[in-house]
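Right, one structure below, let's go through it.
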2 protein chains.
Amino acid sequence: MKKLFFPGLFFLSLLGSATYGQVSDSVRIKNISDEVMVNSGAYANLRYLCKQIGPRLSGSANAQKAVEATARMLREAGADTVYLQPCMVPHWVRGAKEAGFIRQANGQKYLLRLCALGNTVGTGKKGIDAEIVEVKSMAELQQLGNAVKGKIVFFNIAMNPTYIRTFRAYGENGVGRRAGPAQAARYGAIGAMVRSLASNEDIHPHTGATQYNDSFPKIPAVAISTADAVWLSAALKKSNKLTGSFTTNCMMLADAPSFNVIGEIRGTKFPKEIITVGGHLDSWDLAEGAQDDGTGCMQSIEVIRALKALGIKPQRTIRAVMFMNEENGGRGADAYLEAAKKNNEQHIFALESDAGGFTPRGFGLDMPETKKDKIRSWSSLFTDYEGNEMVNGGGGSDIGPLKKIGAALAGFMPDSQRYFDVHHAETDTFEAVSKRELDLGAVNMAALVWLVSEYGL
Amino acid sequence: MKKLFFPGLFFLSLLGSATYGQVSDSVRIKNISDEVMVNSGAYANLRYLCKQIGPRLSGSANAQKAVEATARMLREAGADTVYLQPCMVPHWVRGAKEAGFIRQANGQKYLLRLCALGNTVGTGKKGIDAEIVEVKSMAELQQLGNAVKGKIVFFNIAMNPTYIRTFRAYGENGVGRRAGPAQAARYGAIGAMVRSLASNEDIHPHTGATQYNDSFPKIPAVAISTADAVWLSAALKKSNKLTGSFTTNCMMLADAPSFNVIGEIRGTKFPKEIITVGGHLDSWDLAEGAQDDGTGCMQSIEVIRALKALGIKPQRTIRAVMFMNEENGGRGADAYLEAAKKNNEQHIFALESDAGGFTPRGFGLDMPETKKDKIRSWSSLFTDYEGNEMVNGGGGSDIGPLKKIGAALAGFMPDSQRYFDVHHAETDTFEAVSKRELDLGAVNMAALVWLVSEYGL
């Protein structure tokens with residue numbers, strides 16, 4: 001037995017020295033994982049953000065409360081410095097709750113579960129009332145052309161259920177919400193109803209920004225629940241012609257002052273090389289903004305907390321950023337880039353978490369191939385933590401601008417099955433988040449940020 | 001451009017013929033995926049099972065309703081034959097709701113959220129009342145030995161949060177529930193309180209079976225909620241001595257008749273080679289049994305439905321089995337094996353889904369290496385559907401007995417982060433299940449079952 005034992009040890013020690021870096025890295029990452037899975041503050045912080053503050057649309061009083069709360073959380077996490085970075089943000093308000101209905105053949109009104117799309121104009125108190133015309137694609141709208149004049153266009157574009165990763169459907173099938181109202185206006189429509197961009201069928205409308213086109217009138221636009229979209233489409237099939245009405249009371253006010261919230265651990269060897277890890281702090285006004293994107297913010301703060309708790313002194317500067325105004329403007333992201341330029345900052349890497357706090361699958365990489373190769377070479381270090389898929393693409397809208405100054409970008413990629421059930425709807429609550437899933441995301445994010453801080457890219 | 005185009009086509013066609021089988025398999029699996037993701041009946045069936053029937057412990061009237069309902073579902077799914085396979089099951093009943101409390105230092109009672117463990121004896125109407133002694137491991141109990149005589153042992157063994165895959169903690173840290181009461185009785189304890197075997201901290205007690213040892217008295221045993229376990233442990237630290245009481249009204253009745261529910265598609269080429277895919281139909285009496293294991297049953301029925309809907313004629317016989325009595329006896333599994341032996345059935349493969357209807361990660365394989373190699377060679381076919389991890393281990397308690405007659409075993413392996421939040425508790429409801437996650441599991445299960453039906457093992 002001993003005869004076998006010693007050669008075994010010898011072999012192991014050779015192996016150990018050959019791959020010393022990786023063995024040591026794997027131990028360090030296990031330390032990070034244990035620290036997060038046992039002592040994470042992310043879930044309690046998320047509860048505070050969702051339940052004590054709640055919805056926090058840019059320009060709102062709640063957004064300011066969220067700024068103050070996350071600055072406090074970053075200080076409690078042990079960040080070396082915490083500061084606010086000013087930015088002006090659009091200030092859209094929903095006003096009184098919206099209402100709308102369809103006149104049924106039997107004379108009764110079918111009340112729609114609806115909400116104004118973000119950044120839209122209101123209808124005025126009298127609302128709008130017109131025939132409903134359904135389209136299932138932008139091509140169909142184009143074909144109808146001026147036939148939609150004076151009418152309300154109903155964009156009934158469902159998220160494609162056969163796409164296994166739901167962000168693909170969100171991209172492709174989101175055209176109705178993003179560009180539908182502007183295109184309907186091009187042909188003279190007076191309003192737009194958009195099927196909620198949701199992966200499930202329920203009664204909750206999902207808001208989200210729409211983009212007007214300055215060449216056409218700005219027309220009022222609402223999202224209706226998926227259940228109502230299914231009902232309305234069936235009703236339109238049965239009836240020659242249906243009319244309906246909706247009233248929205250939203251408006252765009254003057255830009256308001258706000259902030260990104262930033263907390264740093266200063267690098268010991270290369271303090272000028274900056275690694276950003278972040279999410280966005282604003283949420284839609286209808287939702288607690290738990291999965292979108294309270295989780296990304298709380299995970300970013302947890303990265304700081306875990307590294308500090310373990311006494312890890314990163315070689316490069318790690319900066320957790322709560323970006324303001326991702327939902328309806330991106331002004332926080334712009335301000336972050338401008339400040340980086342002004343201060344001649346050297347941004348080597350940025351990681352965004354804005355796809356929910358679900359169980360990790362990996363990271364999307366948007367950077368030159370040589371840097372991707374380096375990150376891919378670490379992939380096996382993530383296997384035990386479920387986040388070892390290193391795929392092309394990724395990044396995110398808040399870190400996107402940093403590409404202009406040479407930052408390598410990565411997007412945290414959690415499982416995507418449940419995200420669009422709650423995204424931008426009142427169902428995006430604290431209760432929709434699993435503590436273990438949230439923390440496991442933070443483990444993978446902290447591990448990647450730590451590896452980059454140790455080895456550069 | 002054309003110059004490049006034709007060689008490209010030529011190359012593709014060569015590649016096509018070289019890997020014809022795989023290309024064709026990937027198309028077939030895409031068909032299965034599209035069929036399930038668009039037309040699956042699993043979610044609606046699960047709603048019926050959870051909301052129209054609900055808890056369905058072996059021997060209960062609800063268990064019989066579930067037998068009838070799933071037989072109907074299998075017929076509606078298009079199974080060639082549907083039949084019931086008789087088995088006798090233990091008939092444990094909870095009786096009137098349990099109660100219990102701890103006497104606090106201030107004289108007030110702290111009411112515990114508790115439930116009797118499955119298969120335990122009741123306390124009698126007067127309940128039991130004694131000093132509480134906490135242990136955090138079986139070793140600690142052994143050390144105390146006869147010092148627990150006449151007392152209630154509080155097994156405060158938390159699920160280890162640092163284990164990323166939660167089944168590992170369930171295995172290791174479940175010893176208190178499974179063997180604690182018997183071992184406490186060995187040393188003369190009169191009752192046991194077990195910290196709920198749960199991955200989260202909340203107020204819901206989680207039941208589950210405990211195993212008495214015939215050499216020692218059968219003592220009453222309850223699970224208390226994790227929140228109460230945390231409270232009680234802290235209270236015991238502050239106080240020299242605490243007493244408490246609980247009353248349970250459960251009892252084991254005479255064995256009752258019940259059934260496994262079976263639906264088959266008969267194989268076209270090798271009808272005698274049987275592939276089993278199943279879950280268990282019984283649930284604990286406190287829970288709707290959605291994730292445990294309504295999902296596994298509904299996925300197994302969906303395998304049948306999807307193959308039939310696509311007109312796929314499998315070469316080998318595919319049998320969906322709803323096993324009865326997994327939770328507190330395993331009698332359905334025993335009956336299934338006995339029938340297989342009696343009928344000289346040739347069981348080549350069995351797949352169990354009893355780890356929840358969460359997003360797939362892959363399959364655990366329990367079979368000879370050559371068969372594992374064959375399944376691993378298909379792994380890339382599962383990548384697009386999130387289920388491509390083919391790991392060692394797996395199987396499941398209902399298909400386990402089939403190993404004796406040579407079946408290769410596999411366990412569907414979904415993400416494990418949320419399972420033990422709800423497992424065996426009243427929070428295991430239909431609402432805890434995501435439609436897309438459930439269906440995506442069925443996609444992977446159907447794909448694996450179809451591959452085995454096509455190529456054998």
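Protein chains get the first letters and strands the later ones, always in sequence-line order, with residue 1 at the start of each.
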Next item on the list: Not counting sequence neighbours, which residues clear side chain to side chain contact (heavy atoms under 4.5 Å, CB included) with A:Lys308? List them please.
Entry: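 So A:Lys308 forms a side chain to side chain contact (heavy atoms under 4.5 Å, CB included) with A:Asp80, A:Ile265, A:Ile304.
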Margin query: Under a 4.5 Å cutoff for heavy-atom pairs, which residue among B:Arg436, B:Lys435, B:Glu389, B:Met37 has the most contacts with chain A?
Written below: B:Arg436
Note to self: I'd like to know which of B:Glu35, B:Arg418, B:Glu437, B:Lys30 tops the heavy-atom pair count under 4.5 Å against chain A.
What the structure shows: B:Arg418
Notebook entry, point to check: Between atom CZ of B:Phe358 and atom CG of A:Asp415, what is the distance when rounded to the nearest 0.5 Å?
Noted result: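 Between atom CZ of B:Phe358 and atom CG of A:Asp415 there are 11.5 Å.
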Notebook entry, point to check: Does B:Arg361 use its side chain to pair, donor to acceptor, with the backbone of A:Glu386 at less than 3.5 Å?
Noted result: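 Side chain of B:Arg361 to backbone of A:Glu386, a donor-acceptor pair under 3.5 Å: yes, one is there.
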Check: In terms of heavy-atom proximity below 4.5 Å to chain A, should B:Asp34 be classed as side chain, backbone, both, or neither?
Finding: both
Checklist line | Close approach to chain B in residues 161-169 of chain A, criterion heavy atom under 4.5 Å | finding: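 Residues of residues 161-169 of chain A touching chain B at under 4.5 Å: A:Pro161, A:Thr162, A:Tyr163, A:Ile164, A:Arg165, A:Thr166.
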